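Notes for the one structure printed next.
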Number of protein chains: 2
Amino acid sequence: MAVNPRTRTASAGVKSKVEDRALVDRRRRQIVNAAIERFGKRGYHATTISDIAQRAGVSVGLIYQYFGDKEDVLFLAILEVLDSYLEQIPSSAGSSGDPLERFRAAVHAYCRVIDANVDATVLAYRETKSLRKVRRNLIKQKEHETNALIAACISDCIRAGLFEKIDIELLTYQIVMFAHAWALKAWHFRGKMSVGQYVDRGLAVMLNRVLTPRGQRERAPLRAR
Amino acid sequence: MAVNPRTRTASAGVKSKVEDRALVDRRRRQIVNAAIERFGKRGYHATTISDIAQRAGVSVGLIYQYFGDKEDVLFLAILEVLDSYLEQIPSSAGSSGDPLERFRAAVHAYCRVIDANVDATVLAYRETKSLRKVRRNLIKQKEHETNALIAACISDCIRAGLFEKIDIELLTYQIVMFAHAWALKAWHFRGKMSVGQYVDRGLAVMLNRVLTPRGQRERAPLRAR
DNA sequence: TCCGAATGAATGAATCATCATTCGTTTCAG
DNA sequence: CTGAAACGAATGATGATTCATTCATTCGGA
């Protein structure tokens, strides 16, 4: 069940007419970057291959030397984004002994990568559905791996007695959506605060108690229903 | 600054070649419903006018009697969805005296409408960017109104001493994203639990304390930077 | 009451523009 | 020189939009 152990997924089945591995990598990176920019700005369907070619400074034909079709480009573009999350988070969270600090660092890292790739993140949301099912599943898988990083931090905090024994799955999704919201609701948050502030304010809300003691008492009967 | 006081936004500037208001309403509803279904399933760009016509049981030409172009159809489709939220939430939250109960009811209502319109909700996320700026802004405005409903509930709970004086804006977005997540991550949650359970588990995580007393003590120095 | 305009809805084949993709030609490194 | 790499004009498909036509009414005058 375990899949490839973390090689920046590279080609993932996309075929190229050029042999030279190094050249393929270079060209693909060049083209995918242009594509991310264009897809992010205009959306997948609205951007043409020739847009991408122009942006990347190559000819239309060249793109077809390195990709089978337009969907391949989208696929590698989205993969690129998700891989960058999967790379950044663990490296930033590091291995500080304190689980609470690791958790905080992970959330900060997650939000910072997203901040650095707002358009690309939104792209992943908007266009994943345009991919064939196999590929969509691969993307889900990636996302799942990212979630697992966060879940592990939470679970460590619980084991260390720093978090209550809450619903790990739900809290994980809470955090993930919180991070994604920075991109999805950029129009609302941008300008109002920095990513750093956003994370700090968010964590304060998520980790501390919202209900007052009286609120708790009143809530008890509600839940029993 | 205040905009139209809640008339199910109806036409919002979309022009029709037919005069009869009642007929226009009927036909548009018919076409928009078909469109929501198709756009939701296949996405905006991938569905053709003729798809929609077929689904709605009318001719291609007819659609152009009631809409200026394809974008008009998308616009009214998204508007329809957001309006349904704006309608359902207050009517379900009712006016129960207890603010906590109203809050709970509002969140449940929000999630239930979304559950009833998963495809449509995802549609709004995916395709809002395909609209012209003016229209995109109108959509944002709608979303803002919905958020305000939730924010009001929260603020009532605080005033009643049931919630701590937390960051209203952030908690509101927390809740909103939580509700949207039910649609955006449907593939993950569906089958695992019902909407009702989802909301209850979610509220438990959001409202109660996550940090243990010891966690709080350790966290203090962290926040001080 | 009845009949031939006149109006406005509805149709769907034809038009027209826009791309994705191909492929014959050109470049250039070795 | 030779072959791989790059180019970009030409091709073909697709799909939004138009429009000439049909169909169903309403209406006014005899």
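Small disclaimer: the values here were computed from a predicted structure and weren't measured.
Taking only side-chain nitrogens and oxygens, Ser59(A) comes nearer than 4.0 Å to OP1 or OP2 of dC7(D). Between Arg27(B) and dA10(C), a side-chain N or O to OP1/OP2 separation shorter than 4.0 Å is present. Within the structure, a side-chain polar atom (N or O) of Tyr66(B) is placed less than 4.0 Å from OP1 or OP2 of dA10(C).
One interatomic measurement links the two molecules: CG of Leu62(A) to P of dA5(D), which rounds to 10 Å at whole-angstrom precision. The interatomic distance linking Lys17(B) (NZ) with dC19(D) (P) rounds to 9 Å, in whole Å.
When distances run from any side-chain atom of Val60(B) to the nucleotides dG12(C), dA20(C), dA9(C), the shortest one goes to dG12(C). When distances run from any side-chain atom of Val18(B) to the nucleotides dT21(C), dA9(C), dA6(D), the shortest one goes to dA9(C).
Using a 3.5 Å distance cut-off with no hydrogens or angles, the side chains of Glu127(A) and Ser130(A) do pair a donor with an acceptor.
For an aromatic pair to be called close, the ring centres must be under 6.0 Å apart, and Phe178(B) with Tyr110(B) fails this.
Within the model, atoms NZ of Lys185(B) and CD of Glu143(A) stand 3.5 Å from one another, a figure rounded to the nearest 0.5 Å. With rounding to the nearest 0.5 Å, the separation of CD1 in Ile78(A) from CD1 in Ile36(A) is 9.5 Å.
When heavy atoms are screened at a 4.0 angstrom cut-off, Ser16(A) is found touching no nucleic acid atom at all.
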